Each structure stands twice: as structure tokens, then as C-alpha cells.
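Presented below is the structure to which this report refers.
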Amino acid sequence: MDRWVEARGLKLHVRQWDGRRTPFVLLHGLASNGRTWEAVARRLAAAGHAVVAADQRGHGLSDKPESGYGFDDVRSDLLALLEGLNLGERPILAGQSWGGHVVLDFAARYPDVPRGIVLVDGGYAQMSARPGATWERISVELRPPNLIGTPRADLAARIRRMHPAWTDDGIEATLANFETMPDGTVRPWLTLDHHMAILRALWEHPTTSLFPLVRAPALLVPADSGDAERVAAKREAVDRAATSLARCRVHWFEDTAHDIHVERPEDLADTMLAALGDGFFG
């Protein structure tokens with residue numbers, strides 16, 4: 001079910017599945033949208049859980065204010081969203097990529113709210129700590145490509161070539177990162193200015209200093225894409241997080257790219273359910 005929840009004067013779009021068991025709240029990454037979690041959500045809901053996948057501010061069908069893209073605001077958005085949803089019990093919060101950083105930040109500032117957190121290929125590496133990294137370099141390397149005016153059919157074909165293992169539903173969910181214009185072309189829901197504001201906030205985010213503040217059990221789900229150099233750096237970051245978090249479990253997804261929740265949604269959902277079922281989340 002699609003609905004909009006009032007949060008701090010914004011209307012945040014969510015997709016919601018009813019259930020009587022522990023709720024899961026799912027947050028997408030930068031320039032993405034809540035629909036990318038849909039296959040995971042369906043698996044969790046089939047196991048009887050209430051599930052919410054949200055479009056964060058500036059993304060998808062949620063409101064797009066001109067400011068407020070730092071962690072203070074997105075963290076406060078999440079708190080207001082949870083209050084508006086009135087889930088009835090402490091949720092498990094899962095975030096992918098930037099969404100993982102949002103979940104980590106939230107759990108550090110509001111340690112008693114989540115029952116547990118799941119960080120999916122994000123939320124454990126501090127961007128500014130990369131060897132040789134500078135904001136000037138990062139702002140160029142991670143600036144998004146200009147896809148405005150690209151025919152939707154061409155973009156769909158490009159995504160399919162890049163991710164041949166993805167389902168049609170996964171590709172459609174990823175295309176929902178974009179608004180389809182009357183002429184059949186697309187433009188990102190997240191504007192370039194807002195994208196760069198979030199990227200700057202990630203650059204400044206004190207990720208590693210937040211680990212000791214998190215009391216909720218943390219399930220880390222990193223992806224091993226097979227790129228030896230990148231994976232080695234990621235393993236160092238994951239090991240550092242696992243050592244600093246009060247209660248942590250790590251589950252690597254081998255031979256999997258960054259978008260685990262799209263590429264292997266059932267396996268990801270089952271990993272989350274297993275952690276809940278064996279008492280890891282309390």
C-alpha cells in the first residue's frame with residue numbers, strides 16, 4: 001500500500017505491508033528510492049512482519065525541499081516518520097549505502113528506538129578517511145552522470161546490460177529513481193544540488209566515532225564484488241566497525257555488487273529473518 005506520512009512539515013512517501021510481527025523499516029541509498037526494497041519487503045511480509053520502505057526527502061515521490069539534506073535533518077525526518085507510522089513496537093531499521101549511514105547516525109543519537117539495525121553495504125566506512133581522499137577529488141569522482149533527457153527505454157537497456165542478473169521488477173524499481181517525462185525521457189527525482197549536498201554531508205559524517213554510541217544489535221551486510229583492492233579496504237572498515245559496535249554480526253555476500261537488496265533480495269531478507277529468529281536482535 002502506498003501512503004504519505006506527515007513528518008516535520010514534509011510529506012514522505014512510503015510503501016507499507018501489514019503484519020503482526022516485528023516491524024522492519026527500510027531506507028534506500030543516495031539517488032535511489034524505496035521501491036528498490038520491494039522484493040525484500042515482500043519476503044519479510046510473507047513471514048508475517050510489518051514492513052515500511054520509505055522515500056527519503058528529495059527522493060522518489062516524497063517532498064523535495066530546497067534545504068535540509070544533512071544528517072541532522074534526515075535523522076529527524078526518520079524519527080518523525082516512525083512517530084507518524086505508530087508501528088506499536090521497536091522496529092528493525094535497515095539502510096543500504098547512504099541509507100546505512102542514516103540508520104547508523106539515527107541509532108547513535110536515539111539508541112533506545114531501534115530493536116536492531118541492518119547496514120547493507122554502507123554505514124561503516126568513513127569517506128574522509130580514504131587514503132588520499134579530498135573533498136575536491138570526491139566531488140568530481142562521485143558526481144552523478146547527467147541522465148536528464150535520456151529515453152527511458154535506453155536507460156532500462158543500460159541497466160540491464162550492467163546488471164544482467166537483476167529481475168525485471170528490480171530494473172523497474174531502479175527506474176523509479178527517475179521521473180518519466182511526457183516525451184518518454186527521464187530526469188532524476190533527486191536534483192543535482194541536493195545530490196551534492198548529501199554527498200558533502202557524507203564527506204563530513206563522523207561515521208567511525210558513532211559506533212560506540214550504538215546500543216542496538218547491528219547486522220552488517222557488505223558485498224564482495226570481486227574487486228580485490230576495493231574489497232580489501234571494505235574489509236578493514238567492516239572489521240573496525242565490528243570491533244567498535246557493542247553487539248555486531250557480519251554476513252558477507254560474495255560475488256555480489258553494491259545493490260544487494262536488488263540483486264539478491266530473498267537472500268538478504270532471509271539473512272535478516274535468521275538474525276531475528278535466532279535471537280540476535282533480542
Side-chain angles (χ1 to χ4, degrees), residues 8 10 27-33 36 54-60 62 64-79 93-110 117-147 177 188-214 218 220-223 225 227 229-245 257-261:
R8 305 176 64 234
L10 299 178
L27 297 184
H28 59 76
L30 176 57
S32 187
N33 79 101
T36 57
D55 290 342
Q56 300 193 73
R57 69 164 59 204
H59 293 78
S62 288
K64 300 165 179 60
E66 288 306 310
S67 61
Y69 291 89
F71 280 92
D72 286 350
D73 281 295
V74 294
R75 177 178 69 241
S76 297
D77 289 350
L78 178 54
L79 180 62
L93 305 178
Q96 189 265 344
S97 193
W98 167 60
H101 286 269
V102 175
V103 165
L104 172 72
D105 193 277
F106 182 91
R109 314 295 184 179
Y110 301 104
I117 62 173
V118 185
L119 308 182
V120 181
D121 215 42
Y124 27 78
Q126 187 157 320
M127 187 181 291
S128 60
R130 295 181 185 180
T134 65
W135 167 244
E136 289 72 24
R137 180 178 175 181
I138 289 292
S139 64
V140 172
E141 290 180 354
L142 299 186
R143 184 183 179 92
N146 182 9
L147 297 175
N177 297 342
W189 286 114
L190 184 70
T191 68
L192 178 60
D193 286 350
H194 297 162
H195 188 118
M196 297 307 293
I198 294 172
L199 191 60
R200 180 73 193 201
L202 275 167
W203 169 257
E204 296 173 350
H205 194 236
T207 307
T208 55
S209 68
L210 298 180
F211 297 145
L213 304 178
V214 176
L220 276 55
V221 188
S225 64
D227 184 320
E229 184 176 348
R230 290 188 177 184
V231 172
K234 187 184 295 187
R235 287 189 181 275
E236 288 184 11
V238 170
D239 290 345
R240 188 180 305 113
T243 301
S244 302
L245 288 159
H258 182 52
D259 295 285
I260 299 172
H261 62 317

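Values below: all heavy atoms of this structure, side chains included; hydrogens, waters and symmetry mates excluded. Please read these numbers as outputs of a predicted model, since none were measured by experiment.
In plain terms, the two heavy atoms of F211 and S244 that are nearest each other are CB-CB, 3.5 Å. Between D121 and A223, the shortest heavy-atom distance links the atoms OD1-N, 2.9 Å. Heavy atoms only, all atoms of each residue included: L245 and A218 are closest at CD1-CB, 3.9 Å. When all heavy atoms of S209 and P212 are compared, the closest pair comes out as O-CD, 3.5 Å. The nearest pair of heavy atoms linking A241 to Y124 is CB-CB, 3.8 Å.
Taking CG of L93 as the start and CD1 of I117 as the end, the distance is 8.0 Å to the nearest 0.5 Å. Rounding to the nearest 0.5 angstrom, the gap separating the CG atom in D77 from the CZ atom in R8 is 5.0 Å. Within the model, atoms OG1 of T36 and CG of N177 stand 7.0 Å from one another, a figure rounded to the nearest 0.5 Å. In this structure, CG in L190 is found 11.0 Å from CG in D55, a value given to the nearest 0.5 Å. The NE2 atom of H101 sits 12.5 Å away from the CD1 atom of I198 when rounded to the nearest 0.5 Å. To the nearest 0.5 Å, atom CZ of residue F71 and atom CG of residue L104 are 8.5 Å apart.
For the pair Q126 (side chain) and T207 (backbone), a donor-acceptor distance under 3.5 Å is present. Judged by distance alone, the side chain of R57 and the main-chain N or O of S67 form a donor-acceptor pair under 3.5 Å. Under a 3.5 Å cut-off, the side chain of S62 and the backbone N or O of G58 do not form any donor-acceptor pair.
Applying the salt bridge (Lys or Arg N to Asp or Glu O under 4.0 Å) criterion to D193, with sequence neighbours excluded, gives no partner residue. Remark: E236 pairs with no residue by the salt bridge (Lys or Arg N to Asp or Glu O under 4.0 Å) rule, at least two apart or across chains. Checked against side chain to side chain donor-acceptor pair (under 3.5 Å), S97 has the following partners two or more places apart in sequence or in another chain: H258. In this structure, the side chain to side chain donor-acceptor pair (under 3.5 Å) partners of R75, at least two apart in sequence or on a different chain, are D72, D105. Remark: H194 pairs with Y69, T191 by the side chain to side chain donor-acceptor pair (under 3.5 Å) rule, at least two apart or across chains.
Proximity of N33 to W189: side-chain heavy atoms (C-beta onward) are nowhere separated by under 4.5 Å. In this structure, the side chains of P144 and M196 come closer than 4.5 Å at one or more pairs of heavy atoms. Residues L78 and Y110 have side chains not in contact (no heavy-atom distance under 4.5 Å, counting atoms from C-beta outward).
Between H59 and H28, the ring-plane angle classifies as tilted under the 30° and 60° cut-offs.
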Verdict with reasoning, V221 to Q96, per side-chain contact (heavy atoms from CB on, under 4.5 Å)
CA-CA 9 Å; V221 188; Q96 189 265 344; over 6 Å; no
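Counted within 6.0 Å of CZ on R230, heavy atoms from surrounding residues, nucleotides or ligands total 12 or fewer; the atom is thus considered open.
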Which side-chain N or O atoms in residues 136-143 pair as donor and acceptor under 3.5 Å with protein atoms at least two apart or in another chain?
| unit_1 | atom_1 | unit_2 | atom_2 | d |
| --- | --- | --- | --- | --- |
| R137 | NE | E141 | OE2 | 2.7 |
| S139 | OG | W135 | O | 3.0 |
| S139 | OG | E136 | O | 2.9 |

